[in-house]
Amino acid sequence: MGTQWSHRGNTLPLLPETNGTDRQRGDQEDDNDSLNGLDRQEDIAQFPYVEFTGRDSITCPTCQGTGRIPSEQVNELVALIPYSDQRLQPQRTKLYVVMSAVLCLLASSLVAFFLFPRSVVVVDDGIRTVTVHFDPPNMRVLMNMTSMLNFSNPNFFTVLVESVSCQVLYMKTVIGTQQLDNVITIQPLSRQVNFTVSVEISGSASYVYAFCTMPSIKVHNIVVFMQTSVKTSYMVRTAQNTLEAYRYIDCGSNSTYNQPGHRLKQHSPTTNTHPLLL
């Protein structure tokens, strides 16, 4: 291709000259190659899977040359991912753990606050009415006293009043008793219960009949001692409240009272816890 010229015994090859036009042409060809490379990648991405078989080719053992994984082999295949994959490095792990712990603590606190059993408060609100009857032949004084109890339920569930028992004493002698079973169910609010105790004064205390029927006395007040016991149950617990008080009543006629009587003392409730039987 070239021409050799001999000058003083030296042989020099002569190459064709290159100019700036050839260099520009080479740069344009490189740019076209890069563009053609992007186009080829897009074409390859859109090109369907084809198994090229030849002398040295091996059929894919997973898809068997179909390009798809059979559905019955999905649970049998294991995919390998690099260690640096983002799926192996979950973000905000500490935040999720702290939030879970806080939520569990909050939920347990709410459950304990709403389900923790509290003692039911029972207050003797005094005698409301007294109905008096006389039995002159037997010199007896018969009275029906209606008393009131106030229940305060601080729990967030209902409480059952299992029994209310009352005993009335005059001069250390029992003159009347009353027993009520399965009285009411108390909602999480205050509730009043009225109960009537029948009292009979006779026998050795027949002088009370003379006092109550004496016309020269306008007010025939006598003092009686009332002892009331209340048994409540809620959840797996049972509690018992005992109330004791002195009451002034008029045994000469029927009467109505608005103010509570004088309360002597109130015993603190005793609580018994029973296991829950399933």
Side-chain angles (χ1 to χ4, degrees), residues 119-152 159-184 186 190-233 238-272:
S119 299
V120 178
V121 179
V122 183
V123 178
D124 190 352
D125 204 18
I127 297 175
R128 284 294 178 254
T129 61
V130 176
T131 304
V132 181
H133 300 281
F134 297 107
D135 185 9
N138 299 318
M139 298 183 65
R140 296 188 307 171
V141 180
L142 306 177
M143 291 181 293
N144 290 328
M145 298 186 305
T146 301
S147 184
M148 178 178 291
L149 296 177
N150 283 332
F151 293 87
S152 179
V159 174
L160 174 64
V161 179
E162 292 186 352
S163 64
V164 175
S165 61
C166 181
Q167 183 174 280
V168 182
L169 293 87
Y170 177 73
M171 301 296 292
K172 297 183 180 181
T173 301
V174 177
I175 60 176
T177 58
Q178 181 65 36
Q179 175 73 29
L180 301 176
D181 296 324
N182 296 328
V183 185
I184 58 170
I186 307 174
S190 297
R191 184 76 177 269
Q192 294 181 344
V193 176
N194 297 328
F195 62 96
T196 303
V197 181
S198 298
V199 176
E200 178 181 345
I201 302 177
S202 61
S204 60
S206 58
Y207 63 92
V208 179
Y209 172 82
F211 172 76
C212 295
T213 58
M214 188 176 299
S216 61
I217 301 177
K218 294 182 179 180
V219 180
H220 307 79
N221 283 339
I222 61 174
V223 180
V224 295
F225 180 71
M226 297 186 64
Q227 185 177 18
T228 305
S229 178
V230 180
K231 186 177 181 181
T232 57
S233 64
T238 59
Q240 185 170 351
N241 297 71
T242 302
L243 307 174
E244 295 179 349
Y246 284 102
R247 303 298 182 192
Y248 290 91
I249 60 175
D250 186 358
C251 63
S253 62
N254 299 335
S255 56
T256 302
Y257 303 88
N258 293 324
Q259 72 280 2
H262 174 68
R263 185 175 14 176
L264 176 65
K265 60 181 178 178
Q266 177 178 348
H267 295 282
S268 59
T270 58
T271 303
N272 298 324

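If you're wondering where the values come from, they're calculated on a predicted model, not measured in any experiment.
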(request) Say whether, by atom type as modelled, one donor and one acceptor occur between the side chain of Asn194 and the main chain of Met148 under 3.5 angstrom. (result) no

(message) With heavy-atom distances below 4.5 Å as the criterion, would you say the side chains of Ser229 and Gln240 are in contact?
(response) yes

(message) To the closest 0.5 Å, what do you measure between CE (Met145) and CZ (Arg128)?
(response) 14.0 Å

(message) Would you say that Leu243 contacts Val122 through its side chain, given a criterion of any heavy-atom pair below 4.5 Å between the two side chains?
(response) yes

(request) Report yes if some heavy atom in the side chain of Thr228 is under 4.5 Å from a heavy atom in the side chain of Leu149; otherwise report no. (result) yes

(request) Show your reasoning for whether side-chain contact (heavy atoms from CB on, under 4.5 Å) applies to Met143 and Ile201. (result) CA-CA 8 Å; Met143 291 181 293; Ile201 302 177; 3.7 Å; yes

(request) Output all residues satisfying side chain to side chain donor-acceptor pair (under 3.5 Å) with Ser253, sequence neighbours left out; order by chain, then residue number. (result) none

(message) Which heavy atom of Phe134 sits nearest to which heavy atom of Cys212, and what is that distance?
(response) CE2-CB, 3.9 Å

(message) So which atom in Phe211 and which in Asn221 form the shortest heavy-atom distance, rounded to 0.1 Å?
(response) CE2-O, 3.7 Å

(message) For the residue pair Ser255 / Asp250, report whether a side-chain donor-acceptor contact shorter than 3.5 Å exists.
(response) no

(request) Decide yes or no for Val141 and His133: does some side-chain heavy atom of the first lie under 4.5 Å from some side-chain heavy atom of the second? (result) no

(request) With sequence neighbours excluded, give me every side chain to side chain donor-acceptor pair (under 3.5 Å) pair touching residues 207-217. (result) none

(message) If you define the side chain from C-beta out and look only at heavy atoms, does anything of Ile184 sit under 4.5 Å from Val193?
(response) yes

(request) Under the side-chain contact (heavy atoms from CB on, under 4.5 Å) rule, collect the residues that match up with Leu180, sequence neighbours excluded. (result) Val164, Gln178, Val183, Phe195

(request) In sequence, state the C-alpha distance, the side-chain angles, and the governing distance for Thr196 and Asn144, and then conclude on side-chain hydrogen bond (donor to acceptor under 3.5 Å, both in side chains). (result) CA-CA 6 Å; Thr196 303; Asn144 290 328; over 6 Å; no

(request) Using the salt bridge (Lys or Arg N to Asp or Glu O under 4.0 Å) rule, collect all pairs that involve residues 198-226, keeping only residues at least two apart or in two chains. (result) Arg140-Glu200

(request) If a pair satisfies salt bridge (Lys or Arg N to Asp or Glu O under 4.0 Å) and one of its residues is in residues 163-181, list it, with sequence neighbours excluded. (result) none

(message) Are the side chains of Val123 and Phe151 in contact, using a 4.5 Å heavy-atom criterion?
(response) no

(message) Please find the pair of heavy atoms, one from Gln227 and one from Glu244, that lie closest to each other, and give the distance.
(response) NE2-OE2, 3.0 Å

(request) Test Val168 against every option in Thr173, Val197, Val174 by the side-chain contact (heavy atoms from CB on, under 4.5 Å) rule and name the one that passes. (result) Val197

(request) Decide whether Ser233 and Glu162 meet the rule of one side-chain donor and one side-chain acceptor closer than 3.5 Å. (result) yes

(request) Check disulfide bond (SG atoms under 2.5 Å apart) between Cys166 and all other residues, then give those that pass, not counting sequence neighbours. (result) none

(request) Determine, stepwise, if the pair Leu169 / Val224 fulfils side-chain contact (heavy atoms from CB on, under 4.5 Å). (result) CA-CA 6 Å; Leu169 293 87; Val224 295; over 6 Å; no

(request) Find out whether Asp124 and Ser147 are in side-chain contact, i.e. whether some heavy atom of one side chain is under 4.5 Å from a heavy atom of the other. (result) yes

(request) Report the distance from atom CG of Asn241 to atom OG1 of Thr232, rounding to the nearest 0.5 Å. (result) 6.0 Å

(request) Would you check if Tyr170 and Val199 make a side-chain contact, meaning some heavy-atom pair closer than 4.5 Å? (result) no

